[in-house]
Engineer: 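Take this structure first; my questions come after.
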Amino acid sequence: MSGAPSTFSSKSLVTVEGTLDKIVFANEENGWSVVRLQLADSSTVTAVGNLLAAQPGERLQLTGSWENNSRYGRQLKVASFTTVRPASVAAIEKYLGCGLIRGIGKAMAQRLVAQFGEETLDIIEDQPDRLAEVEGIGPKRSKAIRQAWVEQREVKQLMLFLHEHDVSTAHALKVFKRYGADALRVVGEQPYRLATDIWGIGFRTADGIAGKLGIAPDAPQRAQAAVIHLLREGTGRGHLFLPRATLLREAVALLSIEEEHIAAAVEVLAANATIVVERSVTGDGVEESGASGGEEEAIFLAAFHASEISLARQLANLASAPLAQPLDLAGGELVRALDKFERGESIQLAPQQRRAIESAVRSRVLVITGGPGTGKTTLVRGIVHILSRHGGRLLLTAPTGRAAKRLAEATGREAKTVHRLLEFEPRTRTFQRGEERPLNAGAVIVDEASMLDTVLANHLVCAVPAGCRLILVGDVDQLPSVGAGNVLFDLIDSHKIEVIRLTEIFRQAERSAIVVNAHRVNHGEMPDLSSRADSDFFMIERPDAGDLLTTLTHLVAERIPAAFGLDPIRDIQVLTPMNRGSLGVANLNEELRRLLNPSGREIARGGSVLRAGDKVMQIRNNYDLDVFNGDLGRIDQVDTIEHKVWVTIDGRRIGYEFADLDELRLAYACSIHKSQGSEYPCVVLPVHTQHFVMLERNLIYTALTRARRLAVLVGEQRALAIAVRNQRTRSRNTRLAQRLRALVS
């Protein structure tokens, strides 16, 4: 094994051999390390340089030059190195006990070496069945150790290959898990697959590898990969398609090649049905397709195009199909049913709410939208009360586990996530419920419908049988879904689906300054900042960003817990508009962790450090683990022997392989976008002109509506005023509303 070639002259080079005693520092991104090497005479030297994948206990032969560091003294600056297999019993024990091989810790390493001595590594390599001779190792564990031994060897080779091509070594295990023994071949022959297959490896990284492998700048496969990358990137921003002119412009800027090469790539990808080039929506809601045309052409990834068309058609079918169980609640029967509900709830429904329940009884597809305090929850309970008695089997669902849990608590009935309702199968990545096997239901109620992206909405609507009622409940003024599309907005904008818009704030909600001020913000008015001592809404003026940071961390760690009896990690959520800057997600998390969870067993992966006790968030859907983008949890245990981190999420204890840790982020603070569908007892929100480009009305509105008991703003009134005045919303490229207008009479 060797590192980078030497840059020193032959006169300055020396060779040193010894056992790697300790890794003082290692950067997984570039392999640069500081290590201590023990020589044959038991003396130690410090070596610095690219010592990629070297492990304590390994015997290394280092080539480099001596230098005197003004701070750290004499060091060997490494130009290259080779690994010599550890030979002594002590070296083998140190090597195996360093955590390199999953399933072997220090204690097990001692037992292995005590049993097999200098033959230990040969036994693992060639006679793994003999491992069962060691106390505590049975056939299953011996097989696992052998498998882990082979895996670490192959991953080490892959790490070296990736590093030579400037790919973060932190991705090596993820690449190996995806491709297995074919990893080196796939990466060498089809480097652009990395950008589509491996989450966390982007197009630029794959493109860099491709360039080093000799793929020409104007090669067709490069242009095609760029088109797919840009369309995928567009879906990450919420777009279902990119206009042709936009796609061509962005691709030319990305690749620095002539536009004709991009246009040719578009034609090839359209011909093999990887993408769809759509001119316009026609009378049947589908498209007039073609690979040429003007700037208005919309270019979709084929799967997203199919999802939008399918969603529009299924909604049109539901909206026109006769109800399988129409309710005949005439002659005062509905009035009596509503009166009974009011008595049971000890409330009086507003006329608007009564009309909404009447619509739910007679409608095939219904959207109910409204802000906080407008009675959506009471309304849903009323609909459940009526339909559960008169409308057949009723199913309740929501996009996230937390939203489903709140829906169940509000109605007293079972509510499932959309994935669980549709019986998602992680191994095959498919939903078991759909058109061929629809849900057994007379009515389906979906809460937090603003979080439904186009793909998930399509899967759900396809599983709703003809004649079933579909009721979508959500706040259309909040931020749209994290995934691509703008489903709730498009349904309303089509004017083809019946919509009940709740506008009245009820008396009980009027006592909440959070509710009142959220509505003021949504209407473009400054919130009332004259807070009373017993208020649930406060703003603390801190114009200076440094003072703001100090005040915010003190509030979360001490003042709010002391005054309101809230747990600073479980109950308080800091929401911020941006990821970067001193008031962004990354820095706020470091500052808050320093105060709230200063110590504990740690694991460093992908340039970040996770610690036992940390509050973390899942940042992508992982169907194997049954966890989803935005799920919050707490790290229980860092297991360096089994190479796992255990996280409790919504009461479930989930084991993350080290390779999957880049899917977790610290979550003492998170972006407002990531808070969608969640509620927290307390929200703390920095508002400062440092966030100028993100100061928008719907961001502040969404953040306020996440707070259940307490909302505290810290920062500048000037920044708050800028946000309230700014009604700019980033529109999303979708055609669902157009398709519905074409399909629904």
Side-chain angles (χ1 to χ4, degrees), residues 196 199-200 228-242 275-276 298-312 314-315 367 397-404 416-422 424 426 429-431 434 446-463 472-493 579 617-632 663 665 670-678 698-699 702 729-737 739:
T196 55
W199 186 82
I228 293 170
H229 159 69
L230 289 170
L231 291 174
R232 286 183 178 276
E233 193 177 61
T235 64
R237 301 195 304 269
H239 301 307
L240 286 179
F241 68 85
L242 292 180
I275 66 174
V276 173
I299 302 180
F300 295 76
L301 288 168
F304 287 89
H305 183 256
S307 287
E308 189 177 67
I309 286 179
S310 173
L311 175 58
Q314 293 295 334
L315 285 168
V367 170
T397 188
T400 68
R402 293 181 305 282
K416 297 180 179 180
T417 64
V418 175
H419 282 81
R420 289 198 176 96
L421 182 72
L422 302 184
F424 183 78
R429 300 289 200 274
T430 57
F431 291 95
V446 187
D447 200 15
E448 294 287 358
S450 63
M451 296 184 67
L452 285 175
D453 60 57
T454 298
V455 173
L456 186 59
N458 177 51
H459 283 297
L460 174 61
V461 175
C462 282
L472 301 161
V473 184
D475 185 350
V476 74
D477 293 321
Q478 289 183 24
L479 293 169
S481 58
V482 174
N486 202 356
V487 174
L488 191 64
F489 177 86
D490 286 345
L491 294 186
I492 295 171
D493 187 51
N579 289 310
M617 175 181 283
Q618 175 75 16
I619 61 169
R620 69 182 291 259
N621 291 344
N622 185 320
Y623 300 111
D624 294 324
L625 297 179
D626 196 26
V627 290
F628 300 95
N629 192 355
D631 283 351
L632 284 174
E663 298 179 7
R665 292 288 185 273
C670 71
S671 70
I672 297 170
H673 284 85
K674 289 290 188 183
S675 72
Q676 290 167 259
S678 300
N698 67 343
L699 268 177
T702 299
T729 56
R730 292 174 173 81
S731 62
R732 295 186 165 192
N733 297 333
T734 71
R735 286 185 167 177
L736 179 60
R739 299 188 203 283

Engineer: For residues H239 and S731, report the shortest heavy-atom separation together with the two atoms involved.
Structural biologist: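 Heavy atoms of H239 and S731 come nearest at CE1-O, 3.3 Å.
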Engineer: Which of these passes side-chain contact (heavy atoms from CB on, under 4.5 Å) with I299: L230, L231, V276?
Structural biologist: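 Among the candidates, only L231 passes.
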Engineer: Taking F304's backbone N and O only, do any of them form a donor-acceptor pair with S307's side chain (distance below 3.5 Å, no angle check)?
Structural biologist: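 No; zero donor-acceptor contacts below 3.5 Å.
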Engineer: If you measure from the Lys or Arg side-chain nitrogens to the Asp or Glu carboxylate oxygens, is any gap between R739 and D490 under 4.0 Å?
Structural biologist: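 No, this pair does not count.
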Engineer: At their closest point, which heavy atom of V455 faces which heavy atom of D453, and how far apart are they?
Structural biologist: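 Closest pair (atom of V455, atom of D453, distance): N-OD1, 3.1 Å.
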Engineer: State which residues pass side chain to side chain contact (heavy atoms under 4.5 Å, CB included) with F424; sequence neighbours excluded, sorted by chain then number.
Structural biologist: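 Here the qualifying residues are H419, P426, R429, F431, Y623.
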Engineer: If every non-hydrogen atom of M451 is compared with every non-hydrogen atom of P399, which pair is closest and at what distance?
Structural biologist: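 Of all heavy-atom pairs spanning M451 and P399, the closest is CB-CG, 3.8 Å.
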Engineer: Is T397 reaching over with its side chain to a backbone N or O of V418, donor-acceptor style, under 3.5 angstrom?
Structural biologist: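 Yes: the side chain of T397 pairs with the backbone of V418.
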Engineer: So does R420 get a backbone contact from the side chain of T417, meaning a donor-acceptor N/O pair under 3.5 Å?
Structural biologist: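 Checked: pair present.
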Engineer: Using every non-hydrogen atom in the two residues, find where Q478 and S450 come nearest and quote the distance to one decimal.
Structural biologist: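 Minimum heavy-atom contact is OE1-OG, 4.3 Å.
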Engineer: Any side-chain to backbone donor/acceptor pair from T702 onto L479? Under 3.5 Å, distance only.
Structural biologist: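 Yes: the side chain of T702 pairs with the backbone of L479.
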Engineer: Using modelled atom types and a 3.5 Å cut-off, is there a donor and acceptor pairing between side-chain atoms of E308 and backbone atoms of L736?
Structural biologist: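 Judged by distance alone, yes, a pair lies under 3.5 Å.
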Engineer: Quick one about N622 and E663 (side-chain donor to acceptor, distance below 3.5 Å, no hydrogens or angles considered), yes or no?
Structural biologist: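 Yes, because at least one side-chain N or O of E663 sits under 3.5 Å from a partner of the opposite role on N622.
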Engineer: Considering all heavy atoms of both residues, which atom of A403 and which atom of E448 are nearest to each other, and what is their separation?
Structural biologist: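 Result for this residue pair: CB-CG, 3.7 Å.
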Engineer: Applying side-chain contact (heavy atoms from CB on, under 4.5 Å), run through L242 and R237 and close with a yes or a no.
Structural biologist: CA-CA 11 Å; L242 292 180; R237 301 195 304 269; 4.0 Å; yes
Engineer: Examine distances only and state if a side-chain atom of S310 and a backbone atom of A306 form a donor-acceptor pair shorter than 3.5 Å.
Structural biologist: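 Looks like no, no N/O pair under 3.5 Å.
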Engineer: What's the verdict on side-chain contact (heavy atoms from CB on, under 4.5 Å) for L472 and L452, showing C-alpha distance, side-chain angles and the deciding distance?
Structural biologist: CA-CA 10 Å; L472 301 161; L452 285 175; 4.2 Å; yes
Engineer: Got a donor-acceptor contact below 3.5 angstrom from the D447 side chain to the A398 backbone?
Structural biologist: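 No, D447 side chain to A398 backbone: no donor-acceptor pair under 3.5 Å.
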Engineer: After noting the C-alpha distance and the side-chain angles of K674 and N629, does the key distance pass the side-chain contact (heavy atoms from CB on, under 4.5 Å) rule?
Structural biologist: CA-CA 8 Å; K674 289 290 188 183; N629 192 355; 2.6 Å; yes
Engineer: After noting the C-alpha distance and the side-chain angles of L240 and T235, does the key distance pass the side-chain contact (heavy atoms from CB on, under 4.5 Å) rule?
Structural biologist: CA-CA 6 Å; L240 286 179; T235 64; 5.7 Å; no
Engineer: Keeping N733 on the side-chain end and F241 on the backbone end, is there a donor-acceptor pair under 3.5 Å?
Structural biologist: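 Here the side-chain-to-backbone pair exists.
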